[in-house]
Each structure stands twice: as C-alpha cells, then as structure tokens.
Amino acid sequence: MFALADANNFYVSCERIFQPKLEGKPVVVLSNNDGCAIARSNEAKALGIPMGAPWFQLKDLAKKHGIVALSSNYTLYGDMSNRVVQVLRMYSPKVEVYSIDESFLELEGLMGLWGSYGALGHALKDQVRMWTGIPVGVGIGPTKTLAKLANHLAKKRSEFNGVCDLSALTREERRGYYASLDVSDVWGVGRRTVEKLRALGIETVDHLRSTPPPYLRQQFGVVMERTGNELRGISCIEFEDVAPPKKQIVSSRAFGRMVTDFNELQEAVSTYAWRATEKLRKDRAVCSGVHVFVETNRFREQDRQYNNGMNVTLSEPTDDVRRITGAALYGLRRIFLDGYLYKKAGVMLLDLGPTGIRQACLFRSADQHSSKLMDALSEINGRFGRETVWLGSSGTQKPWATIFEHKTPRYTTRWDELPTADY
DNA sequence: TCTGGGGTCCTAGGACCC
DNA sequence: TCTGGGGTCCTAGGACCC
C-alpha cells in the first residue's frame, strides 16, 4: 500500500504561513519574470484563473477582486518542502520525494500501529499542519497511480475530509467514484492521450480501468498499458525511496527584457553555466557535454523568430566551471545571429556521471589544480554568500536579469529576513 | 509592454556491427 | 529469378510530470 501526501496550493500556503492576512483572499504566485500564475489559492481558482495564465492578462480581474500576486520565492518553498518531508519520515521509513510538494510513503506493515490506513493518514495530515503550517491531502491505494487518484478524491470531495483510503471503500463505492472521474484525472494521462481516449469512447476512469491493458498497449504504447494495470491494482511503477542520479541539469531563464547585444547574451549564458555547475557539484557529478540554446519571443509574431542550440562535447568529464562555461560560450558564438530580439537562453549539462569515475583524456595531462580551485570557490561562496566570487564573464550589472517585483522575504533561511512579530 | 523552469521516459529511424 | 538475421547505439521528437 502506498500513500501520497500532496500539499494544497503549496506555494500559496507557504506564503500564507508568514502573512496570515492572506488567508481567505484570492492569492496567486507567479512564475519567473512575474510571467504566469503557477500557484493559486482556492479563492483564485474559484475566480476562474487557470494554471499558467499570463499575469498581464489577469490584471483587470485582479484589480476588481483584490487578487494578491506574489513573485516566486523558491528559497522559501524549498525550505518548507524539506520541513514537510521531515515530518513525513516519522510516519514511514520509506518516503519517495516525488516533487517539491508531493511525497509517496510506503505503508507496508504499518497498518497495525494505527488500526487503519485512514487513521495513519489523518494523523500525518494533522501533524504536518501543526508542525509546518502546510495543509496536505492524503490519498491511499495499492499502487502509486491509485494513491494519486485517491489524493485527487481527498482534495475534491468534502466527505473525505482530506484523507481518502481506497481500500476502506466497498467495491461498489469505488466503482461509483471511478465512474464519476474523468480520464484526465489519472496520473500519466495528458492532453494528447485524453483526446485519443475520448475518440475511442473511453471517458471515465471506470472506462479506462475496464479497457484490456493489451489493447492500451497496442493503441498507446507501454506507458498506458502500465497505467491500465496500475488502475486495476497491479503495481507497475516502482517506489524509489533513493533518488536515482540525475541524467541532465538545466539552467535557463527568460530575460527581464529583450536582448540584442552579444555581450549581454554572453553574460547570461555565463551566469547560467555557473548555476548549472553549482547544481552539478552539489550532486557530486561531472558532465561530458554542454548544450547551449537561445530563443526569441515566440509570442511576438511581429518579430523574426530564431531558435537554435548546440551540443559541445568536452574532451573529458569535468565539474570545472571554467571548462563548462568555455564550452557554453563557444557554442553560443557558433549559434548567435545578429539582428534578433532574444528572450531566453539556457545551458544544459549532459552525460552526467559520478565524480569518482573519470576517463582521462589521452592528449592532455590532468589539471591538478582544478578540483582544488573549485573546492575553494565552493568554500568561499558557502561561507560568505552565494555570489561572493563569480566569473567575470557573467557581468556585474546584469540588465537582462529576470524580474521579481512582488518578492517576499526568505523568512526561514536568512537571518536578516526573519519574520518579526508585533506584540 | 507583459506569456516559467526543470525534468523523465518512450519510440522510430538511421547508421553501424558481425 | 534470386538479395538474411540479429543486434546495438545514437538522435530527435513527442508526451508526460510538477
């Protein structure tokens, strides 16, 4: 048996903990550049604001209804997420952190402690709320896909009060719920698959569940066959309490304004290469390839469009920010074309491997100083703040930088941004 | 004026091997 | 007239997730 604990409107909930006056009000959290609404309070959802709606299109509605918009504060959300996971780990030895606001728990053998899975679910939900302030919903089922579906029910149907254990329902009750749920509510069924399923007359979860898996395989492929089996209670998607090593690392941002100047683009790519390398080193990995890409603004049809990217292979795996940045900037010079309005650029690190295993290059001797230098950089930035030292090629003014106009303090991770209470 | 970022997996087709 | 069988690896594109 699996449980899925999923925070309600996670980013909004994080903000509300430190600004209780936002409780009961329509609140949205915006993506980078304050571009789109990526988290919405229930009140905002009730006003019909869809996920990913561009903020500039919502401004009239916002004024009319007093919607509060906040910039993304990922430092805060990341820290709150860790706190929630800490509580979850008290309830099961096996926790899979699936995303910033969702974790699976394996419940095998734990039922005896609580009398029922539902009791465990309620205890966990109350504890997370009490200790972190974050409201979560809990879904329980014999497969991860069913736990997801149960979580959906826990949140949408008030009779469950935030915790839905499918195994506690009768066969008829389950059937009733499945018949009332749309196929699009199933984990792994996206927009394209929904269209195709509808065309085949498969509209509800009950329909999908009764479709023979071999037919799903033939029509959609092995992924949908698995989903079909999971809905029937046959567990096919593995529980991963130890996260497998990453295969690639990306750092990219849309610019705060259009960029035409090659030097500014170079600063941005250099900055992204730095960030990507930070992540790489945090994972104790090295990369053998770097991909760099640039894009114009696809929404501006009046502009000439240009999207291009390039893979640069490194002569040997590395985590040296100078080599990685050098490769990214080499690629940028190759793909840059003058005369376009660039909106976004990014750097991807490819062919990741563990630091220890490193095929040396035949044609050059190993750089003895590289790892010492990189460790020194990490040490300095770790002790004195993230951007104490950086590469000169990243620039200092960064006129292209991403915009955050409604940013809240990093309440839980910075001494100088701690919340204060009036009394 | 203004439209996010970071990932994974699967499949098909091409190139190549013996 | 007739042209095998069994593989691997790589890449691009699509679909999905939060």
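All chains are named by letter (A, B, ...) in the order of the sequence lines, taking the proteins before the strands, and each is independently numbered beginning at 1.
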Colleague: Hey, does A/Thr402 reach any base, or is it just sugar-phosphate, or nothing, if we go heavy atoms under 4.0 Å?
Modeller: nothing

Colleague: Rounded to whole angstroms, how far apart are NZ on A/Lys279 and C1' on B/dG7?
Modeller: 10 Å

Colleague: With a 4.5 Å heavy-atom cut-off, do A/Ser370 and A/Arg322 have their side chains touching?
Modeller: yes

Colleague: What does A/Val97 touch in the nucleic acid at a heavy-atom separation under 4.0 angstrom: a base, only the sugar-phosphate, or nothing?
Modeller: nothing

Colleague: Is A/Ser252 close enough to B/dG6 that one of its side-chain N or O atoms is under 4.0 Å from OP1 or OP2 there?
Modeller: yes

Colleague: Across the strands shown, which category fits A/Asp34 at heavy-atom distances under 4.0 angstrom: base, sugar-phosphate, nothing?
Modeller: nothing

Colleague: Just to be sure I understand the rule, does A/Trp55 reach a base, reach only the sugar-phosphate, or reach nothing, if contact means heavy atoms closer than 4.0 Å?
Modeller: nothing

Colleague: Verify the contact: side-chain N or O of A/Lys247 to OP1 or OP2 of B/dG6, cut-off strictly under 4.0 Å; return yes or no.
Modeller: no

Colleague: Verify the contact: side-chain N or O of A/Lys59 to OP1 or OP2 of B/dT1, cut-off strictly under 4.0 Å; return yes or no.
Modeller: no

Colleague: Would you classify A/Gln248 as touching base, sugar-phosphate or nothing, given that sugar-phosphate means primed atoms plus P, OP1 and OP2, and contacts are heavy atoms under 4.0 Å?
Modeller: base

Colleague: Would you please confirm or rule out a distance under 4.0 Å between OP1 or OP2 of C/dC16 and any side-chain N or O of A/Thr193?
Modeller: yes

Colleague: Go ahead and name the base partner of B/dC18; Watson-Crick or wobble counts if both distances stay under 3.5 Å, otherwise write none.
Modeller: C/dG5

Colleague: Please report the distance, rounded to the nearest Å, between CZ in A/Arg275 and C1' in B/dG6.
Modeller: 14 Å

Colleague: Select base, sugar-phosphate, or nothing to describe what A/Lys196 touches, counting heavy atoms under 4.0 Å on all strands.
Modeller: nothing

Colleague: Ignoring backbone atoms, establish whether A/Arg300 has a side-chain N or O less than 4.0 Å from OP1 or OP2 of B/dT3.
Modeller: no

Colleague: Below 4.0 angstrom from OP1 or OP2 of C/dG14, is there any side-chain N or O of A/Arg191?
Modeller: no

Colleague: In whole Å, what separates the P atom of B/dT3 from that of C/dC18?
Modeller: 25 Å

Colleague: Classify the nucleic acid contact of A/Arg253 as base, sugar-phosphate or nothing, counting any heavy atom under 4.0 Å across all strands shown.
Modeller: sugar-phosphate

Colleague: Quick check on DNA chain B: between A/Gln302 and A/Val223, whose nearest nucleotide comes earlier from the 5' end?
Modeller: A/Gln302

Colleague: Which whole-number value in Å describes the distance from A/Asn9 CG to C/dC18 C1'?
Modeller: 14 Å

Colleague: Pick the closest DNA chain B nucleotide for A/Asn32 and for A/Gly221 by heavy atoms, then say which residue is nearer the 5' end.
Modeller: A/Asn32

Colleague: Would you say a side-chain N or O of A/Asn33 is under 4.0 Å from OP1 or OP2 of B/dC2?
Modeller: no

Colleague: OP1 or OP2 of B/dG6 less than 4.0 angstrom from a side-chain nitrogen or oxygen of A/Lys246, does that happen here?
Modeller: no

Colleague: Is it true that A/Arg383 and A/Glu379 make a salt bridge, defined as a side-chain N closer than 4.0 Å to a carboxylate O?
Modeller: yes

